[in-house]
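Here the structure is a predicted model, which is why all the values come from computation and not from measurement. Below, read A as the first sequence line, B as the second, and so on, with proteins coming before strands; counting in each chain starts at 1.
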2 protein chains.
Amino acid sequence: MTKNNVSKKDEILNAAIILFAEQGFSNTSITEVAKATNASTANIFYHFKNKEELFLAALENVKQGIITRFDEYFRDRDFTNGLQMMEEIISYYLYLAGSMEQWFLLLHSHYPYRLALVNNVCRDHLEQTYNSLVEIFEQAVVRGKKDGSIADVDSRKTALVIFSMVEGVVRFKIYNLYDAGALFNELIKSCNKILKYKE
Amino acid sequence: MTKNNVSKKDEILNAAIILFAEQGFSNTSITEVAKATNASTANIFYHFKNKEELFLAALENVKQGIITRFDEYFRDRDFTNGLQMMEEIISYYLYLAGSMEQWFLLLHSHYPYRLALVNNVCRDHLEQTYNSLVEIFEQAVVRGKKDGSIADVDSRKTALVIFSMVEGVVRFKIYNLYDAGALFNELIKSCNKILKYKE
DNA sequence: TTTTAGACTGACTAATCAGTCAGTACTTGT
DNA sequence: ACAAGTACTGACTGATTAGTCAGTCTAAAA
């Protein structure tokens, strides 16, 4: 496997991520992917068994990208407490959704969730992606409860609600509905209230 | 225009909503819509200029459906205060998203938001739908601020954040990610905290 | 009874689709 | 030098696609 071959396969994969994200699975033809990478359609089917496999490879790439980015982010960061950690996680999440919009467009499209019902590989990719993300939010809650910056709330459920709130804002952003920037301060404020008070 | 003709057009429209919602625009063929309604493809193009017009009609139908349902809901309801009103709105929103899943699947798919960039009719439908929904949430906040059940928060932005939180949970539900029922109590609790406290 | 108009269809088309296959170019180990 | 395997392509296929068109059927108005 030469250096050039690997990079051609990656080139196809990266083009596929962008096209699938922007246009959807069904509305993206192999011919389009081929044109975007100066490859023949036959070459795409040489590297990927079929169109569905190409999509699964794209989804796995997105999963790995998100997990890796958060790993790197945590590696060279330290937080004063759990509440501040949550604030920074949300901040980084919104930053990532802005700079890697294709990843989140792909994750927000309906196709993979339908495919997951009949394809275990797809289901696993989605499960792993969301488990990793929710776990990150949950870790902040658990830590905050220990250091006293967060009230005695249900860690998992609170993490899920805050995650769904952030995902809602991300969806508004990538679908051009509302500006996430304008909502950022309100998002952090609301998050603080959810975490600081007990009921 | 006889009674039968109208109902055939409506039959086609209703089938289109379900198919577009479940399979997406590109992955739904006119042939499929025709088969589902025992019509010829030519008949579909007799009632609707082209596939895109059929989609726009479906989107408008969803918009009208949501607005009408909320109008009816408010017509025979009275709330003790703004905070309770918000709780009931969220409750009804989740109920509606469960019973009329196709509507929300259609609104959550990426296609209409891409189409809205180049098609004003589509953009207007989406804008009107979301304006109506956010306004409902905002009315509850405004009322709660007047009657004292809600703290002095930014009505619009708070409404948007709560709406995005609810929409996030709805997305988890219709994409089979997490059970909305299990998150309902946590959602209401979080919403109360956001509305009760001032920061 | 004849006219007219709306609802509807079968048969068609040109384009596009995912995927195949036989064969070529290039590299690398022996 | 040669064998072998990897990367890649042009030319193809059968199926499916959105959309057209000429013409049929029905019911009501004239």
- Counting side-chain heavy atoms from C-beta on, which of C:dC8, C:dC17, D:dT6 comes nearest to A:Tyr46?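 The answer is D:dT6, which lies nearest to the side chain.
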
- Item | Within one Ile-Leu-Val-Met-Phe-Trp-Tyr cluster: A:Val134 and A:Leu107, side-chain cutoff 4.5 Å | yes

- Classify the ring geometry between A:Tyr178 and A:Phe172 as parallel (under 30°), tilted (30 to 60°) or perpendicular (over 60°).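 Ring orientation of A:Tyr178 relative to A:Phe172: perpendicular.
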
Send over the distance from [X] [atom1] to [N] [atom2], rounded to a whole Å.
{"X": "B:Ile44", "N": "C:dG10", "atom1": "CD1", "atom2": "P", "answer": "13 Å"}
{"X": "A:Asn27", "N": "C:dA15", "atom1": "CG", "atom2": "P", "answer": "19 Å"}
{"X": "A:Gln23", "N": "C:dC17", "atom1": "CD", "atom2": "P", "answer": "11 Å"}
{"X": "A:Leu54", "N": "C:dG19", "atom1": "CG", "atom2": "P", "answer": "10 Å"}

- Item | Phosphate contact (C:dC8 OP1 or OP2) by B:His47 side-chain N/O below 4.0 Å | yes

- Query: OP1 or OP2 of C:dC17 less than 4.0 angstrom from a side-chain nitrogen or oxygen of A:Ser29, does that happen here?
  - Reply: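 Answer is yes, contact under 4.0 Å.
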
- Query: Is the distance between the ring centroids of A:Phe20 and A:Tyr111 less than 6.0 Å?
  - Reply: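 Between A:Phe20 and A:Tyr111, the centre distance exceeds or equals 6.0 Å.
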
- Item | DNA chain C: 5'-proximal contact among B:Asn43 and A:Thr31 (nearest heavy atom) |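 Mapping each residue to its closest nucleotide by heavy atoms, the 5'-most match is B:Asn43.
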
- State which residue, out of A:Lys157, A:Arg156, A:Lys145, fulfils the salt bridge (charged side-chain N to carboxylate O under 4.0 Å, His left out) condition with A:Glu138.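 So the option named by the test is A:Arg156.
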
- Message: Is the shortest side-chain heavy-atom distance between A:Asn14 and A:Thr37 below 4.5 Å?
- Response: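 Answer no - side chains too far apart.
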
- Message: Tell me whether the count of non-hydrogen atoms from other residues, nucleotides or ligands lying under 6.0 Å of CZ in B:Phe184 goes above 12.
- Response: yes

Atom pairs under 3.5 Å: protein N/O with N/O of nucleotides 19-25 of chain D:
unit_1	atom_1	unit_2	atom_2	d
D:dG19	OP2	B:Lys51	N	2.8

- What nucleic acid atoms does B:Ser26 come within less than 4.0 Å of, heavy atoms only: base, sugar-phosphate, or nothing?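 Nothing, no heavy atom under 4.0 Å.
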
